[in-house]
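Heads up: the structure comes next, in C-alpha cells.
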Amino acid sequence: MLDFPRWKVATIWTVLALLCALAIPTFLPESMTANWPFHPRVNKGLDLAGGSYLMLEADTQDLANTRIEAMRDQIQGTMRNGTPRIDIGDISTRNNQISFMLRNPAQVDAARERLLGITGGGAGMTGQREWDIQVVDGSRFVLTPTQAGLNQAIKTAMEDATDVVRRRIDALGTREPTIVRQGDNRILVQVPGLQNPQQLKDLLGKTARLEFKLVDTTANPADVAKGIAPIGSQILPYPGSRDGSPVSVVKRTAVITGDMVADARQGFDQQTNAPNVQITFNGVGGNRFARVTQANVGKPFAVVVDNQVVSVANINEPILGGSAVINGGFTVESANQLAIALRSGKLSINLKVIEESTVGPELGADSIRAGILACSVAVALVMAFMFLTYGRFGAYANLAVVINVFVILGVLALISGTLTLPGIAGFVLTIGTAVDANVLINERIREERRRGRSVVQAVELGYKEASRTIFEANMTHFISGAIMFVLGSGPVRGFAVVLLIGIVTSVFTAVTFTRMLVALWIRREKPKTINI
C-alpha cells in the first residue's frame with residue numbers, strides 16, 4: 001500500500017499539474033487568452049454571466065389549421081392521381097372540418113378506401129384514428145380531426161420544434177444553452193451571455209417555412225383588390241414589391257419547399273453588393289427546380305417565407321446548378337437570421353414568446369463574489385480544523401483540498417462545463433466533504449497505533465481498511481448525483497455536474513495523493529512515532 005515507485009509518483013504529479021493548469025485560463029480575462037492555441041474555460045451559467053430567458057408557447061390552433069390545409073391538398077392529389085380517377089367538387093375547410101362532394105356517388109367505397117390510406121392509423125397508443133370519416137347524404141364526405149390525432153401531432157411538432165430551436169441557438173455560437181420542454185406546448189430557453197433578447201426572439205419566432213411558387217399572371221386586379229383569388233391560387237402579402245402593390249397572387253401549390261434545402265448562407269449581390277441569402281438544394285430539390293425552370297421560362301416565380309412573399313424574379317433561363325439566391329431588401333443581420341433559420345430546418349409549429357427576461361451581468365458578479373467568499377471561508381475553516389486536529393497528516397489533507405479545488409475547475413474547463421449558482425453550492429459542499437476520507441483514514445491510523453502497531457503498519461492498515469468504507473460511501477453519493485444529472489435539468493443538473501466531478505477528484509486527492517505524500521515522508525524520515 002505504501003510502495004510508490006518513481007514512475008507512479010511522476011504520473012500522479014503530472015496528472016494533477018495538467019488538470020490544475022487547465023484551470024488557469026478561467027481566472028484570466030478572455031481578451032488575454034483569445035489568441036492562445038488551447039484555452040479551456042469554465043463557462044458561466046445564466047445566473048452568473050447574465051443572459052436571456054424566454055418561455056415559448058406553441059400555437060396549437062395554427063397547427064390544427066395547417067393539418068387541415070395539408071390534408072385538403074393531399075385529398076385533391078389522391079383523388080385526382082389515383083386509378084381510376086375520382087372526380088370531386090370544391091373542398092370546404094370551414095368549422096375545422098374538411099368536406100367535399102363526389103360527382104359520381106357510385107365511387108363512395110373507392111373514395112373511402114383512399115381516405116383510409118392517407119388519414120393515418122391509430123394516434124399514438126390510444127387506438128383512436130387521427131381523422132373521423134363520415135359519409136353524408138350518400139355522396140358527401142366529412143373529415144373531422146380527432147382530439148387524439150391533434151394531441152399526437154402537437155407532441156411530434158413540439159419534439160421537432162425543440163430540436164430546431166436548439167440548432168438555431170447553437171448557430172449563434174453561444175455555449176451551454178438550456179432548452180427544455182415545459183408541459184405539452186411550451187419550451188424554456190435560457191442563453192447565457194446573450195444580452196439582446198430581441199435577436200433571440202426574432203430568430204426563434206421565425207417559422208422559416210420556405211416555398212417557391214409560380215406567380216399567377218392571370219389574376220384579375222379588380223378581384224385581387226377585393227381579396228378574391230383565382231381557383232388554385234392565393235393572395236399573399238408582398239411588402240417589398242417593386243410596383244408598390246402590397247400583395248402578390250401565387251399558385252397555391254409550392255414547386256420547392258424548405259425540406260429540399262441542403263444549405264443556406266448569407267451573401268452579397270455581385271452587382272449591387274446588397275445582402276442576400278444564397279441557398280443550395282439537395283438532389284431532389286435541385287432536379288425539381290431544374291424541371292420547373294425549364295418548363296416555365298419567361299414566367300415569374302415568388303420566394304415565400306412564412307406565407308409572405310420576400311422576392312419575385314423572372315425565369316430568364318433554366319436554372320440547372322441546384323442553387324438559387326433570395327433577394328428581398330435584407331440587412332446583413334436579417335439575411336443571416338433567415339439563413340440560420342433555413343439551414344436549421346423549419347418549425348412545424350408557430351412559437352410565440354409569452355414570458356421573457358434579461359439577467360444582467362451585475363447580478364451574476366454579486367453571485368460570483370458571494371460564491372468565492374463562501375468557498376474561501378469553507379477552505380479556511382476546514383484547513384484550520386484539519387491542521388489543529390491531525391498535525392502533519394492534516395497538512396497533507398489540506399494540500400489535497402487546495403489541489404482538489406483547482407482540479408475540479410480544470411476538469412470543468414476540459415469538458416466545457418457550465419458553472420451555475422447551484423453549481424457553486426455543489427462546489428462548497430464538495431470542499432466541505434473532501435476531507436471526510438482523510439478523517440476516516442487518520443482515525444483508523446490512531447486506532448492502529450493504540451493497538452501497538454508500528455508506524456508503517458498503522459499507516460498501511462489505516463489506508464487499507466478505511467479505503468473500503470470511503471469508496472462505498474462515495475459510491476452512494478455518486479449514484480445520487482448521477483440520478484440528478486440524468487433526470488434533472490438547468491440548475492439541478494449544474495449542481496449534479498460539479499458534485500460528480502468533486503466526488504471523483506476528492507477521492508483521488510484524499511486517498512491516492514495523500515497516501516503518496518505519507519509514503520514519501522516515511523521513506524525519507526523513517527519516524528519511530530507519529531503525532532496524529
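Because the structure is predicted, anything quoted here is derived from the model rather than measured. Each residue takes its place number in the sequence, starting with 1.
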Verdict with supporting geometry, N438 and V401, side chain to side chain contact (heavy atoms under 4.5 Å, CB included): CA-CA 10 Å; N438 294 110; V401 168; 5.9 Å; no
side-chain hydrogen bond (donor to acceptor under 3.5 Å, both in side chains) against [X], all qualifying residues, sequence neighbours excluded:
{"X": "D62", "result": "N350"}
{"X": "R67", "result": "none"}
{"X": "Y53", "result": "none"}
{"X": "N442", "result": "none"}

Could you give the distance from [atom1] ([X]) to [atom2] ([Y]), rounded to the nearest 0.5 Å?
{"X": "T162", "Y": "L351", "atom1": "OG1", "atom2": "CG", "value": "8.5 Å"}
{"X": "T14", "Y": "L19", "atom1": "OG1", "atom2": "CG", "value": "11.0 Å"}
{"X": "T512", "Y": "K8", "atom1": "OG1", "atom2": "NZ", "value": "9.0 Å"}
{"X": "F513", "Y": "L16", "atom1": "CZ", "atom2": "CG", "value": "6.0 Å"}
{"X": "S467", "Y": "L440", "atom1": "OG", "atom2": "CG", "value": "10.0 Å"}
{"X": "K352", "Y": "E57", "atom1": "NZ", "atom2": "CD", "value": "5.5 Å"}

Of all residues at least two apart in sequence or in a different chain, which pass the salt bridge (Lys or Arg N to Asp or Glu O under 4.0 Å) check with R6? none
I'd like to know if the side chain of [X] reaches the main chain of [Y], judged simply by a donor and an acceptor atom lying under 3.5 Å from each other, with no hydrogens or angles considered.
{"X": "T476", "Y": "A473", "answer": "yes"}
{"X": "R166", "Y": "I179", "answer": "yes"}
{"X": "T146", "Y": "E130", "answer": "yes"}
{"X": "R523", "Y": "F4", "answer": "yes"}
{"X": "T26", "Y": "V42", "answer": "yes"}
{"X": "N151", "Y": "Q147", "answer": "yes"}

Can you confirm whether the side chains of N65 and Q61 place a donor and an acceptor under 3.5 Å from each other? yes
Determine whether the side chains of N404 and S506 contain a donor N or O and an acceptor N or O closer than 3.5 Å. no
[Y] side chain reached by [X] side chain, heavy atoms, under 4.5 Å:
{"X": "F27", "Y": "L409", "answer": "yes"}
{"X": "E159", "Y": "R181", "answer": "yes"}
{"X": "I470", "Y": "I441", "answer": "yes"}
{"X": "V353", "Y": "L56", "answer": "yes"}
{"X": "L412", "Y": "V497", "answer": "yes"}

Evaluate the ring planes of Y396 and W521, with Trp represented by its six-membered ring, and classify them as parallel (under 30°), tilted (30 to 60°) or perpendicular (over 60°). perpendicular
If you apply the rule side chain to side chain contact (heavy atoms under 4.5 Å, CB included), what do you find for I187 with M158, and how did you get there? CA-CA 8 Å; I187 301 175; M158 290 300 295; 3.6 Å; yes
Report the residue from V305, V277, V304 that forms a side-chain contact (heavy atoms from CB on, under 4.5 Å) with V310. V305
Here's a test for you: under side-chain contact (heavy atoms from CB on, under 4.5 Å), which of L500, L499, I503 qualifies with H477? I503
For atom CG of D269, decide whether the heavy atoms of other residues, nucleotides or ligands shown that lie under 6.0 angstrom number more than 12. yes
Would you indicate whether F281, at its atom CZ, is surrounded by more than 12 heavy atoms from other residues, nucleotides or ligands within a distance under 6.0 Å? yes
Checking side chain to side chain contact (heavy atoms under 4.5 Å, CB included) for the pair Q457/E448: CA distance, chi angles, key distance, verdict? CA-CA 8 Å; Q457 289 177 331; E448 295 299 330; over 6 Å; no
Decide side chain to side chain contact (heavy atoms under 4.5 Å, CB included) for R186 and I354; before the verdict, give the C-alpha distance in whole Å, the side-chain angles of both, and the deciding distance to 0.1 Å. CA-CA 9 Å; R186 292 184 177 182; I354 61 171; 3.3 Å; yes
Pairs of donor and acceptor atoms involving the side chains of residues 374-391, under 3.5 Å and at least two apart or interchain, shall be tabulated with distances.
| residue | atom | partner | partner atom | Å |
| --- | --- | --- | --- | --- |
| S376 | OG | I372 | O | 2.8 |
| T389 | OG1 | F385 | O | 2.7 |
| Y390 | OH | E443 | OE2 | 2.7 |

Between E447 and R451, does at least one N-O distance fall below 4.0 Å, as a salt bridge requires? yes
